[in-house]
S.K.: 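Attaching a single structure in structure tokens format; questions to follow.
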Number of protein chains: 2
Amino acid sequence: MGKIILKNITLDDKPSDIRIEGGVIASIRPHEGSLPAPDGHDVVDCAGKVAVPGFVNAHTHAAMSLLRGIGEDMVLQDWLDHIWAIESHLDEHFVYHGTKVAALEMAKTGTTTFNDMYWLSPMARKAAEETGIGCLVSYALLDNFNPETAERQKDSCMAMFDTVGTWDSRSKFAVSIHSVYTVSESLILWAAEFARKKGLRIHVHIAETEKEVIDCKASHGGLTPVEYLDSLGVLGPDVIAAHTLWLSDNDVRILGERGVNCVHNINSNLKLASGYKFLWKELSDAGANVCLGTDGCASSNNLDMLEAMKTCAITQKAWRNDPTALPLDSLLEMATVNGGKALGLKTGRIEEGWDADIQIVDTDSTFFLSPGPFLANYIYSAHSDSVVSLIAGGEFVMRDRKVPGEEDILRAGREELRLIERYR
Amino acid sequence: MGKIILKNITLDDKPSDIRIEGGVIASIRPHEGSLPAPDGHDVVDCAGKVAVPGFVNAHTHAAMSLLRGIGEDMVLQDWLDHIWAIESHLDEHFVYHGTKVAALEMAKTGTTTFNDMYWLSPMARKAAEETGIGCLVSYALLDNFNPETAERQKDSCMAMFDTVGTWDSRSKFAVSIHSVYTVSESLILWAAEFARKKGLRIHVHIAETEKEVIDCKASHGGLTPVEYLDSLGVLGPDVIAAHTLWLSDNDVRILGERGVNCVHNINSNLKLASGYKFLWKELSDAGANVCLGTDGCASSNNLDMLEAMKTCAITQKAWRNDPTALPLDSLLEMATVNGGKALGLKTGRIEEGWDADIQIVDTDSTFFLSPGPFLANYIYSAHSDSVVSLIAGGEFVMRDRKVPGEEDILRAGREELRLIERYR
């Protein structure tokens, strides 16, 4: 693994030298001019640049990068028809090339780790590993209440686990329960038991829409999705719950007490008109771990965490009618270290002993010409192309805005798009 | 003036050649391969690139680019204290260099025209003209109900008009009435009469906050800001009204009947917690001309119209609980041709005889790798750095991401920042 020194980089407003070895941050020292570098290190002059922890995209469907923009300005059912017409023909090539495109986009926008829910996940893992982006990929259980499908998916999930195990420290395997409206109770129970026996995370959509809550109450004796999953013993600190948007006070209490990881996906929620009153403060205060994600490109159109951060914060200020809501430090934690905690990874802080997942941000533009703090300029003013280089797992995945092989990734992605055109 | 041919550029999904001469679009033809170019033209190969009308930022305070990020996560009064502490020392250097920085940022993000409300506007005009960006700048009337201030500002406004006149076709002069809560009735009446006598636009903040409406009703016998200004005869198609966020049904009817230009500033409204339920559809249906702006950088943190477009559309979908709300074509019109109409300029369409204000967009990135339409990819997925070159008033203001003199503009802006530091 690479040995890198980021020389004279600004970290917490101080000029610093960051030494990276074996995938982790080996040491951080105040920058002291032109000291000789240790042998064998790639010494990178970062004068005028700022170090920021790599983003953790805590909920996405990466391969759907190839389905972005497919059903614009449509109501949900028309949109789903467009998506499903293509997904019914989905194969390993689609997942591999789609995730390659997604990983390229993440590299270009400062994301070093993502939590994926999609099909044929070994192909997603391969794509992420080749690019150098860390990931939690999963077997996605979705039986539509069909017992035969459930049995087939259990076998298939166990077989995938036996083949791939828990994988390595930067590419982990999880079990996804799609949602309470698509997965039978017996399969939910099996999934939770299997995941806990094997020490895997559980990834699940919860309370994304008001309709989901209304329907769940009607089907499960008045229980909300949170209450229903809690009654099955599913909820705990190993659960990553996407959306958690339509919550009662009791739901917030339960998610907090169980220490669930709750992932907000603001751009998707706004664009699909799912809602926007995410209770980050109430959930945090109750004890939940609040994270940020982009959702898949078919709903949010890109994988840009910086854009998601700005929209998240200003929407919170607006609906709470409070311009002090969601301050910058909390926002950065949602997008970095909280996501790392959700995935069980030591990522999201630039400190000795933590994974070397680092954005190198160029501040030489109008967006940073300001008397305000760096974080305000980065999140509210600049765009993700300010990330000039990105280190993930101790290696450069982007350097001077170039990702190795990016032309080939785009070419293969375009070819995949031509193939799926016939299914529209 | 330059003669330019944009060769093989995609316009409305068709490969086209666009010829520009004398600041206007002289002709548009289907691209027919390698025909010889007329003498004296700058022929630019635009294969794989897309032509989009330059954005019109219909409400901003450009020089406040130097105040971005100055009062983050604060309540309004604390924020104003921060701003005013500096603005009380404002001089021509500040306005000139601040507007230079703003114009550079506009050039980099696809904006070819802006509507400004700030002090010492001849300096703002100079900065915009040097960069090549079109503008409507104004004398800003704000007497705080002090008759002496009112008299001084009238004289000063008339003197500025006599010196500069209406200026040329791409840099116009207007009269600003800051708001009903900062300008006396007699000064409002004078401003409207003066503007109409001279054929100038009237630029005014209306109904930005709920408090403004409540206070106006209390001071003016129950009249809303819209009703009050209408009772004074101010409202008409020559009025550019910023915000118009807190409107009654009767307000919407009045703004529609008078054909007022209403400018939405979504990022500022969200971030300052002013509100977000902008009635673009109701206003349009009533007959108003609905436009888009960024507001100043102190509130919205940047001048990026593409970002504003996305936030605008997804917020409309969310609060209306309707994913079909504000379709892409209407959104593009708000950000281009409607703004041009508001300012009285023939900009915002790529058609023969219209001003040559054109974005050249590079689609060679993951953001455009999609089965969806170009506009969806550009607005919802990509960022403004996709604008590779920009033509404003028939001349390149940015070419291959380079704006002439940008290093000097940033350097001078940083120097100005150092000077204002002592007033914080």
S.K.: Heavy atoms only: give me the nearest A/Arg68-B/Leu369 pair and the separation to one decimal.
M.R.: NE-O, 3.7 Å
S.K.: Working to the nearest 0.5 Å, report the span between CG of B/Asp73 and CG of A/Leu375.
M.R.: 10.0 Å
S.K.: Do any of residues 400-416 of chain B come closer than 4.5 Å to chain A, heavy atom to heavy atom, and if so which ones, in number order?
M.R.: B/Leu410, B/Gly413, B/Arg414
S.K.: Could you look at B/Glu105 and say if it's the side chain, the backbone, both or neither that has a heavy atom under 4.5 Å from chain A?
M.R.: both
S.K.: Measure distances from B/Glu307 to the heavy atoms of chain A and classify the residue's part below 4.5 Å as side chain, backbone, both or neither.
M.R.: side chain
S.K.: Side chain from CB out, backbone as N, CA, C, O: work out which of these in A/Leu417 comes under 4.5 Å of a heavy atom of chain B, or both, or neither.
M.R.: side chain
S.K.: Calculate, to the nearest 0.5 Å, the distance between atoms NZ and OG1 belonging to A/Lys108 and B/Thr366 respectively.
M.R.: 8.0 Å
S.K.: Could you check which of B/Ala376, B/Pro323, B/Ala325 has the highest count of heavy-atom pairs closer than 4.5 Å to chain A?
M.R.: B/Pro323
S.K.: Counting only non-hydrogen atoms closer than 4.5 Å, can you tell me which residues of residues 297-305 of chain B sit against chain A?
M.R.: B/Ser300, B/Asn301, B/Asn302, B/Asp304
S.K.: So which atom in A/Ala273 and which in B/Asn321 form the shortest heavy-atom distance, rounded to 0.1 Å?
M.R.: O-OD1, 3.2 Å
S.K.: Excluding sequence neighbours, so at least two apart, what forms ring pair (Phe, Tyr, Trp, His ring centres under 6.0 Å) with B/Tyr380?
M.R.: none
S.K.: Checking A/Asn377 against chain B: side chain, backbone, both or neither under 4.5 Å from a heavy atom?
M.R.: side chain
S.K.: Can you pull out the residues in residues 94-104 of chain B with any heavy atom less than 4.5 Å from chain A?
M.R.: B/Val101, B/Leu104
S.K.: Using every non-hydrogen atom in the two residues, find where B/Pro373 and A/Gly69 come nearest and quote the distance to one decimal.
M.R.: CD-O, 3.4 Å
S.K.: A/Thr109 versus chain B, heavy atoms under 4.5 Å apart: side chain, backbone, both or neither?
M.R.: side chain
S.K.: Compare all side-chain heavy atoms of B/Tyr276 with those of A/Ile314 and state whether any distance is below 4.5 angstrom.
M.R.: no
S.K.: For A/Ser384, is it the side chain, the backbone, both or neither that has a heavy atom under 4.5 Å from a heavy atom of chain B?
M.R.: side chain
S.K.: Under a 4.5 Å heavy-atom cutoff, which of A/Ala313, A/Ser381, A/Gly372 has the most pairs with chain B?
M.R.: A/Ser381
S.K.: As an exercise: rank A/Arg320, A/Gln316, A/Lys310, A/His82 by heavy-atom pairs under 4.5 Å with chain B and give me the winner.
M.R.: A/Lys310
